[in-house]
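Notes follow the structure.
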Amino acid sequence: MIKTGAQHIEMLRDGRQVYINGQTAGDVTAHPAFRQTIRSVGMLYDFQARPDNRALMTFEVPESGGQRANRIWQLPRSHAELVERRKALETWTELHYGFLGRAPDHVASCISGMFMGIEVFEAYDKARAAALADYYRYARDNELYLTYVIINPQADRSKSAGEQQDRFLTAGVVDQDAAGLTIRGAKMLATGGIMANEVFVTCIQPLREGDEPYAVSFAVPMNAGGLKILSRKSYEGSAASVFDNPLASRFDENDAVLYFDNVKVPWERVFINGDIAMCQRQFHATPAHVFQNYQAQIRLMVKMRFLVGIARRIAETNAVTNFPQVRETLGVLAAQNTMVDALVHAMEVKGRMLGAYFVPDAHTLYSAQVLTQQLYAGVILALRDLAGGGLIMLPSSVQDFADPELCSLIEKTQQSPVTSSKGRVKFFKLAWDAIGSEFASRHTQYEMFYAGATFVTKGHSFRTFDWDRCTQLVDHMLDSYSLDDEVDRAAPVAA
């Protein structure tokens, strides 16, 4: 199915239990905390459903008799197919400027990566492998928007999941029978969950012996019986208008804690049950972890272009582009933007065949994560430095323009040599929403930690680097001379 925006929005009217501001949200597609972002997601589906975008955004499903699916589910069999898929993801991302971190292409990449490594699941349990394969096809053919929750509540981080004061603080198996598992407890962070169709639930964090009840992997609809969705504060709901908050009002994907209140999961939706090692292997012994984070770097590549565009426009608006120190800042930002772009392309060029599939290079991906995790906050700081007080001294809201006297004062006080006062205010409202607002602050935190703490990404880089190639150079150099030879050369010549 090639889904349209209207079809996706209708699918969200499914009775899901979303809680916000002390109440149930009811129909999330109509709720002021979520409705505009849901329509932005609908826009993505409308874009890919357009006949003129068919070749770019969809691929022919093998052995389907000509049926097509969104490229987010494509399993590349060559470098050329990987690039084709990236171009689709890149174009989709440009529609939300990189601010939907868990757009539909992210978890689709994760599940696709697991399917590409289906033999790992088959070695573990053929029935669970069959369940995963069937689910991949089901999600692809019905064009499901998936989110995931793969992190446990922080609580007492000095203790394992099974050692917490509440045994079912973390979602785990409380019972199982012929029909499936019963799950109780919480997981985070269901980014995008309120506007997704289903959620993939597992644990990417290391588990210890005794944590087997939490070593599960499964998928359920967001309206599953007993599933409670606890929304954070909505930045969309707090946005005064699109003019005042052009990003927060339309691209606040939301984050939520999911609480499983004895949720029943049928066996055909269970991919791992009670195996701690397999919870790690599903990500790192298959292409899943690389494939999902390759998507995240494509998204960040587009977002960096957007932020660098804001930097250039700040300089132009304030007529400081020719200041040497400003050109220096812009030059550094341009270099950082191109570095992210180059790393994405390098992942593809250095990719390799893994069985029947072509996957991005793992170490290049992890190098990008280490570098960009530290880079993002610096980029935001550079943009703040460029903008100065222009980000702060803006009209309070769009309503100020409705008063003729205030509008006249805005005309006098918000001047720019390259745009009107209204144009200047409009731009700086956008810049503030991208780098200074509460919405922007959440994005800085997100970019710093969505891939895990810095020691985690650095550990992946250490684990996947070709150390032998480097140390062999050192050994070759050391082998090119010896102490004995040097002593002999240094010995005095007999008279």
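Note that the numbering runs from 1 along the sequence shown for the chain.
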So does Ala248 get a backbone contact from the side chain of Asn245, meaning a donor-acceptor N/O pair under 3.5 Å? no
Cys279 backbone acceptor or donor facing Gln282 side chain under 3.5 Å: yes
Do Ile183 and Val220 pass the side chain to side chain contact (heavy atoms under 4.5 Å, CB included) test, and can you show the C-alpha distance, the side-chain angles, and the key distance before you say yes or no? CA-CA 11 Å; Ile183 304 295; Val220 293; over 6 Å; no
Working for salt bridge (Lys or Arg N to Asp or Glu O under 4.0 Å), residues Asp105 and Arg299: CA-CA 10 Å; Asp105 43 344; Arg299 178 194 59 78; over 6 Å; no
Tell me whether the NZ or CZ atom of Lys3 lies within the 45° cone about the ring axis of Tyr45 and under 6.0 Å from its centre. yes
Run Phe34 and Leu12 through side chain to side chain contact (heavy atoms under 4.5 Å, CB included) and show every step you take. CA-CA 11 Å; Phe34 316 117; Leu12 301 183; over 6 Å; no
For salt bridge (Lys or Arg N to Asp or Glu O under 4.0 Å), just list the numbers for Lys87 and Glu84, CA-CA rounded to whole Å, side-chain angles, deciding distance to a tenth of an Å, and then say yes or no. CA-CA 5 Å; Lys87 289 179 179 177; Glu84 282 182 332; over 6 Å; no
Fit a plane to each ring of His284 and His460, take the angle between them on a 0 to 90° scale, and name the class: parallel (under 30°), tilted (30 to 60°) or perpendicular (over 60°). tilted
Taking side-chain hydrogen bond (donor to acceptor under 3.5 Å, both in side chains) as the criterion, tell me which of Arg86, Arg85, Glu348 meets it with Tyr294. Glu348
With a distance cut-off below 6.0 Å to the six-membered ring centre and an angular limit of 45° from the axis, does Lys426 pair with Phe243 as a cation-pi contact? no
Determine, step by step, whether Val379 and Met304 satisfy the side chain to side chain contact (heavy atoms under 4.5 Å, CB included) criterion, reporting the C-alpha distance in whole Å, the side-chain angles of both residues, the deciding distance to 0.1 Å, and the verdict. CA-CA 9 Å; Val379 169; Met304 279 289 294; 4.1 Å; yes
Phe251 and Phe99: aromatic ring centres closer than 6.0 Å? no
Using a strict threshold of under 4.0 Å (side-chain N to carboxylate O), is an ion pair present between Glu316 and Arg313? yes
Are Pro360 and Leu365 side-chain neighbours, meaning at least one heavy-atom pair lies under 4.5 Å? no
Asp433: partners by salt bridge (charged side-chain N to carboxylate O under 4.0 Å, His left out), with sequence neighbours left out: none
Is it true that Ser397 and Asp244 share a donor-acceptor pair across their side chains at a distance under 3.5 Å? no
For a quick check under 3.5 Å, do Thr147 and Arg102 share a side-chain donor-acceptor pair by atom type? no
Hey, does the side chain of Tyr135 reach the backbone of Phe218 with a donor-acceptor pair shorter than 3.5 angstrom? no
Give a yes or no on whether the backbone of Met195 and the side-chain of His8 come within a donor-acceptor separation of less than 3.5 Å. yes
Check: Ile204 main-chain N/O paired with Gln280 side-chain donor or acceptor under 3.5 Å: yes
Can you tell me if Ser217 uses its side chain to pair, donor with acceptor, with the backbone of Phe271 under 3.5 Å? no
Do you see a donor-acceptor pair shorter than 3.5 Å between the side chains of Tyr376 and His443? no
Check whether the side chains of Thr191 and Glu253 place a donor and an acceptor atom closer than 3.5 Å, and report yes or no. no
